[in-house]
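As structure tokens, the structure follows; a few thoughts come after it.
Because only heavy atoms are used, hydrogens play no part in the values below, and waters and symmetry mates are left out as well, while side chains stay in. Here the structure is a predicted model, which means the values were calculated and not measured. So that the names make sense, note that chain A is the first sequence line, chain B the second, and so on, each numbered from 1.
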Protein chains: 2
Amino acid sequence: MSIPLGTAQALKLWRDVSLAQVHGKEADLSTRQVSILLTVYMEAPPHTIRELAKKLQVSKPVITRALDSMGKLDLVTRRRDEADRRNVLVQRTVKGALYLDRLADLIGLNSKNL
Amino acid sequence: MSIPLGTAQALKLWRDVSLAQVHGKEADLSTRQVSILLTVYMEAPPHTIRELAKKLQVSKPVITRALDSMGKLDLVTRRRDEADRRNVLVQRTVKGALYLDRLADLIGLNSKNL
DNA sequence: AGTAATCGTTACGGATGCGTTTCATTCTCA
DNA sequence: TGAGAATGAAACGCATCCGTAACGATTACT
């Protein structure tokens with residue numbers, strides 16, 4: 001149900017997508033930010049800061065700041081957990097979903113031309 | 001000779017590779033830097049600053065600084081063009097080749113588990 | 001109740017990247 | 001040979017990111 005990519009194919013895929021990110025009008029996020037965004041959208045909620053930090057093996061401030069940046073871009077939202085008001089729940093947004101749809105398109109499209 | 005990736009598969013691939021980049025001991029380059037590095041290694045030399053800037057549609061200082069950074073990491077090298085001493089030729093290094101080999105491995109390996 | 005633990009944020013200091021402008025060097029060619 | 005173009009680098013100001021160490025708010029424990 002999948003084929004292993006050769007070295008040249010894999011690198012071409014990566015280059016094409018990276019280049020599209022550089023040229024595209026959308027903000028190009030850091031590697032850390034992309035990891036966080038994808039985790040929020042691909043794994044089941046709820047997502048807390050501490051959970052994300054542990055899962056991605058980074059410090060909590062990294063998560064906080066990434067959410068600040070991506071929040072400004074409206075790619076994610078924060079909400080207080082009413083059950084335990086110490087927690088902050090990270091939530092998805094329409095814009096974030098669209099952003100990832102486009103990213104997936106780029107990857108998928110480029111993988112066709114190997 | 002290739003299969004289109006579904007949205008979920010494409011995003012999983014991207015997430016796994018990004019995460020590996022974040023965790024790995026090697027420096028994680030910016031999107032621009034990766035584009036430059038891949039261009040240098042995938043297209044036929046010689047590569048000049050001006051040529052790279054035009055090909056990637058970025059300003060020349062972006063190329064210069066990226067080469068500064070990646071030069072410190074020993075991923076690329078510069079050499080004066082003796083034929084036209086205004087030009088600087090960007091050259092590959094063993095370390096740069098190994099870096100991209102590893103990146104290709106990450107992409108290839110992850111694409112198997114779809 | 002009151003102390004300790006947990007959670008997310010903020011503050012600080014440092015590093016790095018970017019865009020634009022300016023500059024020194026080198027070449028072109030009239 | 002001398003004016004002008006071309007090339008890459010440096011300078012400047014700005015924005016962003018990181019790691020560590022505090023901090024306020026909230027909850028758990030005894």
(Q) Is the phosphate of D/dG8 approached by B/Asn87 (side-chain N or O, under 4.0 Å from OP1 or OP2)? (A) yes
Walking DNA chain C from its 5' end, the first of B/Lys60 and A/Glu51 to be reached, judged by nearest nucleotide, is A/Glu51
What nitrogen or oxygen pairs link the protein and nucleotides 14-17 of chain D at under 3.5 Å?
{"unit_1": "D/dC17", "atom_1": "OP1", "unit_2": "A/Gln33", "atom_2": "NE2", "d": "2.7"}
{"unit_1": "D/dC17", "atom_1": "OP2", "unit_2": "A/Ser69", "atom_2": "OG", "d": "3.1"}

Would you mind checking if B/Lys12 and B/Asp16 are paired as a salt bridge, meaning a charged N to carboxylate O distance below 4.0 Å?
yes
Atom CG of B/Leu73 and atom C1' of C/dT16 are separated, to the nearest Å, by 12 Å
Between CZ of B/Arg79 and P of D/dG8 the distance, given in whole Å, is 14 Å
Out of C/dT10, C/dT25, D/dG19, minimum distance to the side chain of A/Thr64 belongs to C/dT10
Show your working on side-chain contact (heavy atoms from CB on, under 4.5 Å) between A/Asp101 and B/Thr7 and close with a plain yes or no. CA-CA 7 Å; A/Asp101 273 349; B/Thr7 298; 4.2 Å; yes
Taking 4.0 angstrom as the limit, do A/Lys60 and A/Glu51 come out as a salt bridge?
no
**Message:** Could you walk me through whether A/Thr93 and A/Tyr41 satisfy the side-chain contact (heavy atoms from CB on, under 4.5 Å) test, starting with their C-alpha distance in whole Å, then the side-chain angles of each, then the deciding distance to 0.1 Å, before giving a yes or no?
**Reply:** CA-CA 9 Å; A/Thr93 66; A/Tyr41 278 79; 3.5 Å; yes
Considering only heavy side-chain atoms of B/Asp84, the closest of C/dA5, C/dT26, C/dG8 is C/dT26
Taken to the nearest whole Å, CG/B/Asp81 to P/D/dA9 is 13 Å
**Request:** Please check if the side chain of A/Arg86 supplies one atom and the backbone of A/Asp81 the other of a donor-acceptor pair under 3.5 Å.
**Result:** no
Whole-Å distance, A/Asp68 CG to C/dG8 C1', equals 11 Å
DNA chain D nearest-nucleotide lookup for A/Ser59 and A/Glu82: closer to the 5′ end is A/Ser59
* Is A/Arg78 touching bases, backbone alone, or none of the nucleic acid, heavy atoms closer than 4.0 Å? -> sugar-phosphate
Separation of D/dA6 atom P from B/Lys54 atom NZ, nearest Å, is 12 Å
Q | Residue pair A/Arg78, A/Thr64: steps toward the side-chain contact (heavy atoms from CB on, under 4.5 Å) verdict | A | CA-CA 10 Å; A/Arg78 271 182 270 214; A/Thr64 292; 4.0 Å; yes
Whole-Å distance, B/Leu67 CG to C/dG17 C1', equals 14 Å
Rounded to whole Å, CG of B/Leu52 lies from P of D/dG8 at a distance of 9 Å
Point to revise | Sugar-phosphate only, base, or nothing, as touched by B/Val58 at under 4.0 Å among non-hydrogen atoms | key: nothing
Atom CZ of A/Arg86 and atom C1' of D/dC29 are separated, to the nearest Å, by 12 Å
With the side chain defined as heavy atoms from C-beta on, A/Val88 is closest, among C/dT26, D/dG19, C/dT9, to C/dT9
Counting C-beta onward and ignoring hydrogens, is there a side-chain heavy-atom pair between B/Met70 and B/Ile36 closer than 4.5 Å? yes
